[in-house]
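Keep in mind that the numbers below use all heavy atoms, side chains included, and drop hydrogens, waters and symmetry copies. Lettering of chains follows the sequences in order, A, B, ..., and the numbering in each one begins at 1.
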Protein chains: 4
Amino acid sequence: MRKAPNQARSRATVEAIVHAGARVLADRGWAGFTTNRVAEVAGVSIGSLYQYFPDKLSLIDAVRRRHLEECLAIMRAARHDGKPLGRFLDDLVGDMMAAHDSHPGLHRVLLDEAPANGPHDPHSAYEREYLGHYAAAVAAYRRHRTETGDETVAMIMSDAVDGVIHNAARRGTLRSPEVKRELVRMLALYLAGPSADQDLG
Amino acid sequence: MRKAPNQARSRATVEAIVHAGARVLADRGWAGFTTNRVAEVAGVSIGSLYQYFPDKLSLIDAVRRRHLEECLAIMRAARHDGKPLGRFLDDLVGDMMAAHDSHPGLHRVLLDEAPANGPHDPHSAYEREYLGHYAAAVAAYRRHRTETGDETVAMIMSDAVDGVIHNAARRGTLRSPEVKRELVRMLALYLAGPSADQDLG
Amino acid sequence: MRKAPNQARSRATVEAIVHAGARVLADRGWAGFTTNRVAEVAGVSIGSLYQYFPDKLSLIDAVRRRHLEECLAIMRAARHDGKPLGRFLDDLVGDMMAAHDSHPGLHRVLLDEAPANGPHDPHSAYEREYLGHYAAAVAAYRRHRTETGDETVAMIMSDAVDGVIHNAARRGTLRSPEVKRELVRMLALYLAGPSADQDLG
Amino acid sequence: MRKAPNQARSRATVEAIVHAGARVLADRGWAGFTTNRVAEVAGVSIGSLYQYFPDKLSLIDAVRRRHLEECLAIMRAARHDGKPLGRFLDDLVGDMMAAHDSHPGLHRVLLDEAPANGPHDPHSAYEREYLGHYAAAVAAYRRHRTETGDETVAMIMSDAVDGVIHNAARRGTLRSPEVKRELVRMLALYLAGPSADQDLG
DNA sequence: GATGAATGAGTATTCATTCAT
DNA sequence: CATGAATGAATACTCATTCAT
């Protein structure tokens, strides 16, 4: 960002711009994301937008950072302190679906356009922490030890949640209790289940 | 499409354009997808591109149709005729991962710029058949009957596969045997598992 | 128009664009009318042109509206309040020839590319008022009443003036006093003359 | 033209192209006149069109020549050998209106786009002969000798006819007997009338 | 700071024309 | 000769970005 918004009004302006950016990205996709449109939706002039964001990319980065931070906050809040597994998954999946319900499709769009995927970019940092939370839960709840590491199991779970939630967002079924229940059931069975080599005949 | 390619030469041209379109979309994303670039990569003039596709969007549609058709072909080929479940899932997931390995990220980009997802657009038709194949497999292999329909289970499975594969594509781990094995394990446990209400404590 | 020019600067810009459009259309005809050329002649960037006009056609419409409005202004100013007929026609034809002398050929080009001449398009509205003025003059000066209505006579006169003036524009003889005198004479004789059925032997 | 069509089939092809050119020009105006469209309407391939016409301009010239030739043929046929004036004008105007009824607007479009208006271009040659026929008629029928030459009177008449007919074409009233009658009446009164200086009160 | 008019490089698209079949 | 696929210069139009007010 070009400059730190010091005064209250400035902060509100930046807030409005980032929020509008998320909205436009979710509603119109990459092709419909133009700086002029974002400024219009935010209710500020295009000049003001460039006062705070040096270019389009930095605005997208801000939107991305904001969204990933929200997802991380949910993960951080999803404590597995003594909760039974079913309850833990229920809370986690429920909160995640709720979070995506406000801007369906945003997450998906944000992750698609590969943003300089070096190991040090913000997305990677986010992902490391994100998967770390999942791995901790896996370590806490997993029943059967196999040769597969917690990190891999965590990744599979995270990606499955991602897939189910974002396809639900696309179909407009984010609020379906059935979808939520089945996703939770799949994760629970996965965590509870025996190793791959056993009787899946 | 503006014009049906009748002669052999023109069919080859259209083929090259669609193929180049997939490549450019996968490599450069929405922002890098320009008709001139596609024409260049295809090795044809921009005029030839517009001879067959009335505009940029119709070209993207063609690329999408082509890709979805490839995915459907895999589903159709994945017969569950007497195979044990583990074998069936192994084949299906393996083929799907291989298919996405050629253009990692393409599927995701294609599905996310959601253009008018009414129930009658080609993507919906594709999705109906796609989920239908999954549902047939679910009906064949499911052990425990619950109140949840085969279609819902099929959708969860399909979306989970989607999420895992496309995040793997993003991370460059599409060829990892571990990822494949765990995804198969999760699906198998899900299909084999008891209803949600049981002892997931 | 895409956007109303509010500030003084933007009004000047729109003015310059429309004026340049008339000039380019008159000088180079349809084939030479390109938006980039108009912008260049207007001394503004191509972006500014598209800030106010959504496409080429809307710019042509603006030029047309402007020109028709100028012609109407001449008709409105040509009062037949007690003037003798000769004087009235002299003033009217003189003003009209002068008006076309600034952009010879513009009128013809504008009217000929007939874009959807339904009864409700702006050109029709213009034509109704235009012919109305002529009809009023006919009613005031006509000597012999025939079965032909004032409106028809007005239309014949208007079209004849149109034909003579625009062919004169094409030939570069718009300032010829002889042309003006003879056109006036023809109109006067027509208005003064007896019905068609009489001795035209 | 690139080469003379010798065989019967070639002549028919050229014929079809010129005819289609007139049709497209009349129906779609300058903006819609493309060589590919003309070829399509003519039912020949674009390659065949370029076999006979080296470029677009030469095709337009052919269409123009053809149309002007038709108008000239009407003038040549309109003999004033002893006919009374009323009869002569009636025939001339009637034939001219009929000629324009097949391709309304064509003449207008053809004359608008100023085609290299040197004194030696085909249009000027046409115009000279055309006005010459009118002048001969004027000389034959004019009643009052004034200081204005026959050529000027002829030009005014020709231009008035042009204006009335082409505006009628635009309005779709080319077959109106009233329009024809009034146009004839105006021309007759003009030819019969006294000099400009007299009692036009 | 805020504004929004202006800019112009860059993209989408057309269409006259060529040439291999 | 006829065909129509291919070409690419030229045009229409967009949108990130600047800057005078």
query: Given that Arg37(A) and Gly47(D) both sit by DNA chain F, which one's nearest nucleotide is further toward the 5' end?
result: Gly47(D)

- prompt: Taking the nucleotide of DNA chain F with the closest heavy atom to each, which residue, Ala4(B) or Asn36(A), is nearer the 5' end?
  reply: Ala4(B)

task: Identify the nucleotide, in any strand shown, that forms a Watson-Crick or G-U wobble pair with dA5(E), with both distances under 3.5 Å; if there is none, say none.
output: dT18(F)

field: Watson-Crick or G-U counterpart of dT13(E), or none if no pair lies under 3.5 Å
entry: dA10(F)

Rounded to whole Å, how long is the line connecting atom [atom1] of [X] with atom [atom2] of [N]?
| X | N | atom1 | atom2 | answer |
| --- | --- | --- | --- | --- |
| Gln7(B) | dC19(E) | CD | C1' | 13 Å |
| Lys56(D) | dT14(E) | NZ | P | 15 Å |
| Ile46(C) | dA5(E) | CD1 | P | 17 Å |
| Phe53(B) | dT14(E) | CZ | C1' | 17 Å |
| Trp30(A) | dC15(F) | CH2 | C1' | 16 Å |
| Leu59(B) | dT13(E) | CG | C1' | 13 Å |
| Glu40(B) | dA6(F) | CD | P | 18 Å |
| Leu57(A) | dA16(F) | CG | C1' | 12 Å |

Looking at [options], which one has an atom nearest to any side-chain atom of [X]?
| X | options | result |
| --- | --- | --- |
| Ser48(B) | dT3(E), dT18(E), dA6(F) | dA6(F) |
| Ser45(D) | dA6(E), dG4(F), dT17(F) | dG4(F) |
| Lys3(C) | dT17(F), dA12(E), dA5(E) | dA5(E) |

Sugar-phosphate, base or nothing in reach of [X], heavy atoms under 4.0 Å:
| X | answer |
| --- | --- |
| Thr34(C) | sugar-phosphate |
| Arg11(C) | nothing |
| Tyr52(B) | sugar-phosphate |
| Asp55(B) | sugar-phosphate |

Contact under 4.0 Å: Tyr50(C) side-chain N or O vs dC13(F) OP1/OP2: yes

query: For Arg2(C), does the CZ atom sit with more than 12 other heavy atoms under 6.0 Å from it, leaving out its own atoms?
result: yes

- request: May I ask you to decide whether Arg66(B) forms a salt bridge with Glu15(B), counting only side-chain N to carboxylate O separations under 4.0 Å?
  value: yes

message: Whether Glu70(A) and Arg65(A) form a salt bridge (side-chain N of Lys/Arg under 4.0 Å from carboxylate O of Asp/Glu) is what I want to check.
response: no

field: Ser48(A)-Ser45(A) side chain donor-acceptor pair, cut-off 3.5 Å
entry: yes

message: For Thr13(C) and Phe33(B), find the nucleotide of DNA chain E closest to each by heavy atoms; which residue's nucleotide sits nearer the 5' end?
response: Thr13(C)

- line: Result for 5'-nearest mapping on DNA chain E, choosing between Pro54(B) and Arg9(B), is Pro54(B)

query: Any side-chain heavy-atom pair from His166(D) and His100(D) closer than 4.5 angstrom?
result: yes

message: Which residue in the set Leu106(C), Val38(C), Leu59(C) passes side chain to side chain contact (heavy atoms under 4.5 Å, CB included) when paired with Leu25(C)?
response: Leu106(C)

